[in-house]
Amino acid sequence: MSTSDRPARRPTAAATGRLPWQLLLPSFLAVALLALPVVGLLVRAPWSTLAQQVRDPEVLQALRLSLLTASTSTVVCLVLGTPLAWLLARSTLPGRRALRTLVTVPLVLPPVVGGVALLTVFGRTGIVGGWVYEASGYRLPFTTAGVVVAQTFVAMPFLVLAVEGALRSADPRFDDVAATFGASRWQTFSRVTLPLALPGILSGAILAWARALGEFGATITFNGSFPGTTRTMPSAVYNALNTDFDAAILLSLILLVVSVAILALLRERWLIGAVS
Amino acid sequence: MSGLEAHLVTTRGSFTVDVELRVGAGEVVSVLGPNGSGKTTVLRMLAGLLPLTSGHIRIGAVTIEEPTRGLRSPAQSRGVGLVPQESLLFPHLRVRDQVAFGPRHRGSSRGESRQEADGWLGRTGLSELAARRPAELSGGQARRVAIARALAARPGLLLLDEPLAALDVRAVLELRSFLRRHLADFDGPTVLVTHDALDALVLADRLVVLDRGRVVQAGAPRDVAAHPRSHHVAALVGLNLVQGTAQGRVVTVSAQQQVEVVTADEHDGAVFCSFRPTAVAVYACAPSGSPRNVWRGEITGMTPYGDAVRLEIGGGLPLLADVTATAVAELGLAPGSTVWSTVKATDLDVYPV
């Protein structure tokens with residue numbers, strides 16, 4: 001229980017000598033590659049007209065749509081993905097290995113391909129979509145709901161893998177104890193397992209949210225880019241790129257600030273508090 | 001309340017546990033044994049966390065599990081109260097909700113179960129801790145909460161897994177009297193698993209000693225302690241134990257054919273001989289004179305033990321000997337020293353296997 005008798009994780013400089021340049025140089029290049037583009041955004045931002053451009057209704061519309069769809073798809077990921085993660089981590093379901101592989105496919109699939117794949121199923125002539133369209137006249141692509149589906153498709157694996165990891169590292173003996181006190185499996189899940197895995201679930205949700213917010217390829221392929229319904233921030237950036245580079249920079253900057261701010265806020269509020 | 005009657009059999013790989021256990025209502029039976037003897041496995045089977053491969057578990061007239069008849073009631077409907085190793089308090093629940101957990105899942109409403117929890121916290125003197133989280137409790141407090149949590153579930157069978165292990169000496173003393181008091185109040189059968197003989201002797205009405213998944217001895221604590229039938233129990237109660245074959249007054253030690261033990265009375269067949277470490281006299285050179293038990297050996301360990309020094313002596317007959325610190329100095333004893341140990345025949349306790 002006490003951590004004081006663990007050996008120190010970092011060796012002391014006195015014991016190991018100078019840092020080797022073979023490790024320092026690549027690290028430096030990595031940091032430069034990661035940080036310079038952000039610096040570039042800040043340097044090239046149209047600071048003088050910023051205040052006025054931010055209030056542009058089209059920008060606000062795209063921002064609102066992005067926040068709405070990313071948050072909605074995160075909720076969908078949580079509701080559907082957490083039970084799936086539990087099945088993968090705790091059940092003895094046959095074929096769990098194959099299931100996990102299936103879940104990770106969207107991680108390695110290029111988002112554009114994901115968009116095409118979604119069209120083949122949910123498109124107006126798709127396997128499911130065609131049937132729904134003929135029955136009710138409803139089509140999913142090119143709607144805000146379609147945006148949520150595309151974002152959920154790409155974000156779900158992040159949530160499932162993070163939550164599965166959290167459930168695996170949570171001590172299963174607590175589940176046993178809960179069972180001996182008369183808790184059913186569902187009660188054990190909702191009252192013991194879930195609260196214990198909460199930090200992992202929250203970090204999974206944050207990962208999924210960030211992925212959904214930045215989602216572009218699958219969204220634009222599946223839904224196009226219509227202002228107000230399917231033009232999210234990344235689509236708006238792409239759109240502006242062809243007409244007004246300054247506007248693209250501005251939109252990018254907003255996206256950057258919003259995501260960093262929300263991540264920082266959540267880390268502060270949830271992750272730190274929940275862990276300690 | 002009704003008693004427990006169980007024949008617990010499970011096989012995992014090459015390890016088989018096969019234990020018969022009867023515990024009357026209000027009785028405390030302690031399952032004692034070294035690590036890996038199957039103690040925790042026994043408890044897990046009773047709790048329903050590990051299925052039996054054969055045998056049965058009955059509480060009163062109700063059969064809870066019997067594989068040959070396809071009977072098995074799951075852990076959640078057995079009505080046991082488990083005090084697991086290391087307490088395992090739910091990290092996210094305050095003490096009150098911790099203790100309310102059992103009542104809440106046995107049909108009481110949230111309010112009722114909180115009230116029941118408050119009652120138990122009062123009875124166990126833990127009311128002050130009601131609003132604390134497990135991380136804010138000391139090891140001893142956490143154990144008491146775990147015990148209150150198990151009792152609050154109004155179990156038909158109480159199971160305790162090493163409730164006194166890994167605590168500091170003071171906490172163990174307090175917790176032992178706490179356990180004594182509350183186990184006496186509990187009117188169902190209690191099974192207490194421990195590797196500590198003192199806990200077993202103080203808390204249990206009856207002991208069951210396990211080794212390699214089998215019962216090697218069962219009986220009242222006093223009898224088990226006086227006449228140990230396994231090296232583990234002998235070591236736990238601080239006795240030397242020798243197993244051998246008696247022929248008249250000579251016992252040939254089973255483990256070491258050349259070594260013999262001379263007894264005061266005549267015996268025949270397989271016997272145990274036990275003797276106290278204080279009955280052993282140690283010499284730096286071979287003693288001459290009266291015909292006594294003399295064994296040559298080498299000191300393998302020395303530890304202070306009360307006013308004395310406990311010597312671990314290896315060789316033909318491994319044994320423990322308690323000598324005074326003065327003797328250690330005078331004889332120049334040190335690990336590696338060759339010594340001759342002697343025991344009077346009248347100091348030997350001899351009983352059949």
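Chain A is the first sequence line, chain B the second, and so forth, proteins listed ahead of strands; every chain is numbered from 1.
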Contact check, side chains of Leu71(B) and Glu65(B), non-hydrogen atoms, under 4.5 Å
no
Side chain to side chain, Leu192(B) and Glu162(B), heavy atoms closer than 4.5 Å:
no
Considering only heavy atoms, which portion of Leu82(B) lies under 4.5 Å from any heavy atom of chain A: side chain, backbone, both, or neither?
both
For atom CZ of Arg176(B), is the number of surrounding heavy atoms from other residues, nucleotides or ligands below 6.0 Å larger than 12?
yes
From the list Gln85(B), Arg78(B), Gln76(B), the residue making the most non-hydrogen contacts under 4.5 Å with chain A is Gln76(B)
Below 4.5 Å from any heavy atom of chain A, which atoms of Arg44(B) appear? Answer side chain, backbone, both or neither.
side chain
For the residue pair Phe101(B) and Phe181(A), categorise the inter-ring angle as parallel (less than 30°), tilted (30 to 60°) or perpendicular (more than 60°).
perpendicular
What part of Leu159(B) lies closer than 4.5 angstrom to a heavy atom of chain A: side chain, backbone, both or neither?
neither
